[in-house]
Amino acid sequence: MTRWHVPADTGRRYARVSGDSNPIHLSAITARLFGFRRAIAHGMWTKARSLAQLDSLLPGGPFKVDVFFKLPILLPSDVQFQYCVTEGGRVEFQVKDGAGKKPHLAGTIEPL
């Protein structure tokens, strides 16, 4: 298990590199207009951050990544990243809230 601190500016930083300037990711003020208490991390940021965390475990050849988005990560937040490798080489991973109870993202990586 690894802990990540996800800063308040994560959505703005992600928008700069991705071109995705959805207001729910930029600030608490604009996120509230869409029903969120605070800005939320982009799901693709969470997926990319997970893959970066698992870089040393990624297969050398082609592989498939599946992710399931569960709950948004409110910014700022502290979250837990958890993973395991199965006997067949499949990597299963999750991002959960700081207490390790509420799921934000669940995914798998499988060699092809």
Side-chain angles (χ1 to χ4, degrees):
M1 189 261 305
T2 303
R3 291 189 179 277
W4 299 341
H5 174 69
V6 188
D9 68 345
T10 299
R12 292 186 297 278
R13 290 186 354 233
Y14 184 80
R16 268 185 254 134
V17 298
S18 70
D20 184 343
S21 297
N22 186 324
I24 63 175
H25 304 301
L26 302 180
S27 75
I29 293 169
T30 56
R32 276 190 220 115
L33 297 172
F34 296 90
F36 294 95
R37 293 178 296 156
R38 302 190 317 245
I40 62 172
H42 198 292
M44 289 287 110
W45 176 88
T46 310
K47 178 182 178 182
R49 178 68 179 88
S50 297
L51 292 174
Q53 185 73 47
L54 296 167
D55 183 56
S56 65
L57 298 175
L58 296 178
F63 60 92
K64 176 177 127 177
V65 178
D66 285 314
V67 295
F68 302 92
F69 301 103
K70 307 284 188 171
L71 295 170
I73 298 174
L74 297 175
L75 300 175
S77 282
D78 291 309
V79 297
Q80 292 184 13
F81 178 79
Q82 304 168 354
Y83 75 93
C84 69
V85 181
T86 67
E87 287 183 29
R90 174 181 163 131
V91 179
E92 298 174 354
F93 59 96
Q94 295 184 338
V95 178
K96 294 185 174 184
D97 70 335
K101 295 181 181 180
K102 294 180 183 177
H104 294 295
L105 176 141
T108 59
I109 300 170
E110 296 185 71
L112 294 178

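What's counted below: heavy atoms across the whole structure, side chains too, no hydrogens, waters or symmetry copies.
Atom CD1 of I40 and atom OG1 of T10 lie 12.0 Å apart (nearest 0.5 Å). Between atom CD of residue E110 and atom OG1 of residue T86 there is a gap of 8.0 Å, rounded to the nearest 0.5 Å. Residue S27 holds its OG atom at 12.0 Å from CG of D9, rounded to the nearest 0.5 Å.
Within the 4.5 Å cutoff, the side chain of M44 has heavy atoms near those of the F69 side chain. Looking at heavy atoms from C-beta onward, P111 lies out of side-chain contact with K64 at the 4.5 angstrom threshold. Side-chain contact between I109 and L58: present, with at least one pair of heavy atoms (C-beta onward) separated by less than 4.5 Å. A heavy-atom distance below 4.5 Å is found between the side chains of R38 and S77. No side-chain heavy atom of Q80 sits under 4.5 Å from any side-chain heavy atom of D97. With a 4.5 Å cut-off on side-chain heavy atoms, F68 and L105 do not count as touching. The shortest side-chain heavy-atom distance between T46 and I73 falls under the 4.5 Å cut-off. Residues Y83 and T2 are not in side-chain contact: their nearest non-hydrogen atoms beyond the backbone lie 4.5 Å or more apart.
Considering only residues two or more places apart in sequence or on other chains, F81 meets the ring-ring contact (aromatic ring centres under 6.0 Å, His included) condition with W4.
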* Can you check side chain to side chain contact (heavy atoms under 4.5 Å, CB included) on V85 and R90, steps first, answer last? -> CA-CA 6 Å; V85 181; R90 174 181 163 131; over 6 Å; no

* To do: Output, in order, the C-alpha distance, side-chain angles, deciding distance and verdict of side chain to side chain contact (heavy atoms under 4.5 Å, CB included) for V91 and T108.
  => CA-CA 5 Å; V91 179; T108 59; over 6 Å; no

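Between the side chain of T30 and the backbone N or O of L26 there is no donor-acceptor pair closer than 3.5 Å.
Residues H25 and L75 share a closest heavy-atom pair of O-CD1, 4.4 Å. Closest of all the heavy-atom pairs between P76 and A8 is CB-N, 3.7 Å. Closest approach of P59 and F63 over heavy atoms only: CG-CB, 3.6 Å.
Residue L112 qualifies as enclosed at atom CG: its count of foreign heavy atoms under 6.0 Å is above 12.
One hydrophobic cluster, built from ILVMFWY side chains closer than 4.5 Å, cannot hold both I24 and V79; they sit in different ones. Linking ILVMFWY residues whenever their side-chain heavy atoms come closer than 4.5 Å, directly or via other members, places L54 and V6 in the same cluster.
Under 3.5 Å, the side chains of H42 and D20 contain a donor-acceptor pair of N or O atoms.
Just one of H104, M1, Q82 meets the side chain to side chain contact (heavy atoms under 4.5 Å, CB included) condition when paired with Q94; it is Q82.
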